[in-house]
Every structure is written in structure tokens, then in C-alpha cells.
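Single-structure report; data block below.
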Amino acid sequence: MIDRRTFLAASGAIGLGAAFATAQEPKAKKRLAVVTTLWNYHSHAWHMAERFLHGYPQEGKWHQPPLEVVSAYVDQRPEGDLSGKRAEEFGFQIYPSVAETLRCGGDKLAVDSVLLIGEHGNYPINEFGQKQYPRYELFSQITKVFKEDGKTAPIFSDKHLSWKFAWAKEMVETSKSMNFPFLAGSSLPVTWRMPAVDLPYGAEVEEVLGVAFGSLDIYDFHALEMIQCMAERRKGGETGVVSMHALRGDAVWQALDSGSWKAGGWSPRLFEACLSRSQTLAQDAISSHRYPTPAQMREWTKAPIAYRFEYADGLKATMLQLNGLVEDFTFAAKLTGETEPLSTLFYLPPNPNVVYSAALMSKAEEMFLTGKAPYRVERTLLTSGLTEAGLQSLKLGKRLETPHLAQVRYEARASRSSGGRDQCGPLAPRVDMATRGASRPL
């Protein structure tokens, strides 16, 4: 027998001990489902989904996201598939359908977030050169589960929303009508910049230009995201795009020779600024360390591409794809009242670590944990439509009016679009990389 005082003291100690034990218990990790087209070496699932398995470098530390991959759907599993090995190593299950993946084999939504990666794999290519990845179809299967189960979760969708603008628009509208966080896009807006500059928020901008490399559809989307993450910060916010005119081959060089946007080209000063920021600018083997001559540009760039497009508020923009002349991404802008262009390199670290994909997944992680998208998905809605319009204009060989893209209007965050708190951390002071050390990672 024990008296009342002893019993109460003991009960209090037990209660305090239980409370202490509860306070020390680690919080349960949020549950993540991966829905992807392919999971092979160097695929986007390898670049991105595995960041949530292995962790990734962040500001001199190895960061392990507080999320657990609990299930996956892999649409195609050819030779070289890694998903089975990763599932065995990390203890998650691969399911034969999207619905089973989200429900983890049960009858209700059983995950807290979804990573959708519709990139790589064997899919048809249409007449305009667009690879018809089933991003919209996979997204629709995900949201079908949401509707049936009466519960939603944040979705991150890699790269374009869809190859078809109407479907991309429907995806955004669905996320808003069902009220779940939705983010998408390229890694270009969140990679390092050299120098670490941003377009001043609310600036008046007359013309912007981006110089890039790579294949059509896959890489021109990246270049358009680079341009858009800067242009959207201008005075008045994003107003949409009213026209697109794509050029190929000799027509690009004729546009370059014209000397101005009004004459059918683009600003020579912006072009020079972009090439001067490039770390891969082609050189003659004998007469190197020189700015290429027009003849050399023509010789080294066998299939130049230009997208000239105009925003509803009058801003002029050009995307140049110059394979053979450069192998990186640079941007320049003419700000009203400024004599010198604002320009920078969007730096892409090399394989195999390519930590710009980790920077992108840090944004997905932020949304998965907070329930808030760090930047507007309308950016990628617009760039998805611009990619489609550019390829159609290129195929048809004429300027296209784009009233559907003029409807994409939004206000960018006042904080910095890359390197700011809505991206990957604070920007370094403005430093010219030609003369100073490297900028901080974004």
C-alpha cells in the first residue's frame, strides 16, 4: 500500500517523464510518392527523386530532407532501370498504377506530397518536334485520386507543365479549384548566377535577350524559363505574350545584321553582353581569346535558332540557341535610364552531381514542408506556352499571334526571383565574376 501523497508524486514524475520523452521523440517524416516516366542513370528521376533518398549538398553541409519516399510509379522500365534497386535499398514499393502509388496499396490517399517527373523515356514526337511526355495524363491520374478520396497534397511537376498549352492551363486551373500547392519548371531560375544579380523589382525594361545551347523543345524551355524569371519582375508585373516569331538558319544571321529589334533583330549591345558573360564562348585554335567575328559565328553555328516574342506591355524579348558558339546560358536586359545592360551567366555545374537539380529540389522540398509554393506556377504555364508557340512558328515559318498567352498575367513576388528567399537563399553582393570570386549558391 502507498499513501495518497506518494501516489501523486509518483504519478507526476511519470507524467513529466512521459512529456519529456514525447518532446525528445523525432517528428515523423512526411510521406512522398514519386511518379515518373523513367528511372535510369542520368534521367531526371535519378537527378531529382534521389535527392530525397540520399540527400544533397547545401551551403557546405549534406542536407537530408525530412521526407520519406514511400512509393513510386515508373511508367517505363527498360534495361538500366534503377527504381527496383532503389526500392530495395530504401524500403519503398513500386506499384503498377498511379492510384495504387498514392494510396500505397490501400484505399485512401496515404502520402503527404507528390513528385511528378515526366522527362526521359520512349514517347512519340509530334510534327512540331515536341516530345509528348504524359505529364498531363499522369497529373490527371493524381488529381483523380484527390477527387475520389476527398483529400489533396502538394505536387511538384518537373519542367514543362505539358507539351499542349490547353492541358497546361487546365493543370493550373485544377490546382486552384482543388486548392493544393502546385509548382513546376526548370532548374535554371534557381542555379548560381555569375554575377549574382537579379532584375530590380518594379524596373522599367525595354528589351531582354537570352543566349543558350542545346536541342529544341528540351533546352529552349530552359532558356525561356531563364528569361521569364527575370522579365516577370518588371514594372506592372507579368502581362502575357502577344506574338511569337521563330527564325532558323540564314534568317537568324540576317536578323543579327539588322542591328535592332525594330529592324527585325535584337540589340547588338545585349548580344555582346551575353557572349561576354559566357564561359564557353568558342575560339579559333590559332587566334584565340578573341570576340568571334560574324564570319566565325556563322562557321561555328550550323543551325542557329531565334525566338523573337513580344509581351502585351511592349517588352521585346529574344531567345537565341547557338550550338557551336556557346554551351551555357546567359541573359541581358536593357533597363530604362541605364546606359549599360544588366547581364549574368546562369551557371550549370557539370555532371555527375549537377547540383542545380538539388537547388530545384530544395524548392520542391520547401513546398512539401510548408504547403506554400515559393514562386508562381504561372511562370511555367507561360514558358510551356512559349515553347509550344516557338516550335509551331518555326515549323510554319511565320510570325504567330498568341492571344492565349496574353491571358497569362500574374504578379511575381517582391522578394528576389532567384537567390532570394523565394528561391534558394540570399544573394551575394553584386560581384562581377570576371574580376572577383564566385557567388553564393542559389
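Scope of the values below: all heavy atoms of this structure, side chains included, with no hydrogens, waters or symmetry mates. Sequence positions, counted from 1, serve as the residue numbers for this chain.
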Supply the atom-to-atom distance [X] [atom1] to [Y] [atom2], rounded to the nearest 0.5 angstrom.
{"X": "T330", "Y": "F346", "atom1": "OG1", "atom2": "CZ", "result": "9.5 Å"}
{"X": "T293", "Y": "D284", "atom1": "OG1", "atom2": "CG", "result": "9.0 Å"}
{"X": "S393", "Y": "F309", "atom1": "OG", "atom2": "CZ", "result": "12.0 Å"}
{"X": "Y56", "Y": "M48", "atom1": "OH", "atom2": "CE", "result": "12.5 Å"}
{"X": "T101", "Y": "Y73", "atom1": "OG1", "atom2": "OH", "result": "8.0 Å"}
{"X": "K398", "Y": "Q392", "atom1": "NZ", "atom2": "CD", "result": "10.5 Å"}

Carefully, step by step, assess R193 and M230 under the rule side chain to side chain contact (heavy atoms under 4.5 Å, CB included). CA-CA 12 Å; R193 295 182 194 173; M230 300 290 258; 3.3 Å; yes

Verify, without hydrogens or angle tests, whether [X] (side chain) and [Y] (backbone) share a donor-acceptor contact under 3.5 angstrom.
{"X": "T402", "Y": "S243", "result": "yes"}
{"X": "T143", "Y": "S140", "result": "yes"}
{"X": "S177", "Y": "T174", "result": "yes"}
{"X": "S267", "Y": "L270", "result": "yes"}
{"X": "K131", "Y": "G121", "result": "yes"}
{"X": "S357", "Y": "V354", "result": "yes"}
{"X": "H120", "Y": "H44", "result": "yes"}
{"X": "R290", "Y": "Q283", "result": "no"}
{"X": "N40", "Y": "S43", "result": "no"}
{"X": "T37", "Y": "E119", "result": "yes"}

So which heavy atom on [X] is nearest to which on [Y], and how close?
{"X": "A412", "Y": "Y201", "answer": "O-OH, 3.0 Å"}
{"X": "G84", "Y": "I94", "answer": "N-CD1, 3.8 Å"}
{"X": "L394", "Y": "A246", "answer": "N-CB, 3.6 Å"}
{"X": "R409", "Y": "A312", "answer": "NH2-CB, 3.9 Å"}
{"X": "V355", "Y": "P349", "answer": "CG2-CG, 3.8 Å"}
{"X": "G371", "Y": "P181", "answer": "O-CG, 3.0 Å"}

Counting only pairs under 3.5 Å, give me each side-chain donor-acceptor contact of residues 218-229, with atom names and distances, residues two or more places apart or in other chains.
unit_1 : atom_1 : unit_2 : atom_2 : d
D220   : OD1    : D217   : N      : 2.7
D220   : OD2    : D217   : N      : 3.2
D220   : OD2    : Y307   : OH     : 2.6
H222   : ND1    : S186   : OG     : 2.6
E225   : OE1    : S186   : N      : 2.9
E225   : OE2    : T380   : OG1    : 3.1
E225   : OE2    : T383   : OG1    : 2.7
Q228   : OE1    : Y311   : OH     : 2.8
Q228   : NE2    : E238   : OE1    : 2.7
Q228   : NE2    : Y410   : OH     : 3.0

In the structure I gave you, are the side-chain heavy atoms of [X] and [Y] within less than 4.5 Å of one another anywhere?
{"X": "Q407", "Y": "K169", "answer": "yes"}
{"X": "V70", "Y": "L32", "answer": "no"}
{"X": "L322", "Y": "V211", "answer": "yes"}
{"X": "T36", "Y": "L115", "answer": "no"}
{"X": "V111", "Y": "S71", "answer": "yes"}

| Charged tip of R135 within 45° of F139 ring normal and under 6.0 Å |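 No cation-pi geometry.
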
Do R308's NZ or CZ and the ring of W261 fall within the cation-pi criteria of under 6.0 Å and 45°?
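The answer is yes, since R308 meets both limits relative to W261.
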
Can you tell me if [X] and [Y] form a side-chain donor-acceptor pair at under 3.5 Å?
{"X": "Y133", "Y": "D75", "value": "no"}
{"X": "R277", "Y": "S343", "value": "yes"}
{"X": "S83", "Y": "R77", "value": "yes"}
{"X": "Y291", "Y": "Q296", "value": "no"}

How about [X] and [Y]: are their ring centres within less than 6.0 Å of each other?
{"X": "F329", "Y": "F213", "result": "yes"}
{"X": "F156", "Y": "F368", "result": "no"}
{"X": "H54", "Y": "F90", "result": "yes"}
{"X": "H404", "Y": "F165", "result": "yes"}

message: Restricting to salt bridge (charged side-chain N to carboxylate O under 4.0 Å, His left out), what partner residues turn up for K151, sequence neighbours left out?
response: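 Salt bridge (charged side-chain N to carboxylate O under 4.0 Å, His left out) check on K151 returns nothing, list empty.
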
- Message: K176: which residues meet the salt bridge (charged side-chain N to carboxylate O under 4.0 Å, His left out) condition with it, sequence neighbours left out?
- Response: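 Here the qualifying residues are E378.
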
**Prompt:** With sequence neighbours left out, which residue pairs that include part of residues 36-53 fulfil the salt bridge (charged side-chain N to carboxylate O under 4.0 Å, His left out) condition?
**Reply:**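 Pairs touching residues 36-53 that pass the test: E50-R86.
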
Review point. What pairs of residues pass the salt bridge (charged side-chain N to carboxylate O under 4.0 Å, His left out) test when at least one of them lies in residues 311-337, not counting sequence neighbours?
Key: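 Passing the test, one end in residues 311-337: E206-K334, R234-D313, E310-K316.
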
May I have the list of side-chain donor-acceptor pairs in residues 250-258 shorter than 3.5 Å, sequence neighbours left out?
unit_1 : atom_1 : unit_2 : atom_2 : d
D257   : OD1    : R298   : NH2    : 3.3
D257   : OD2    : R298   : NH2    : 2.6
S258   : OG     : A255   : O      : 2.6
S258   : OG     : S260   : O      : 3.4
S258   : OG     : G265   : N      : 3.1

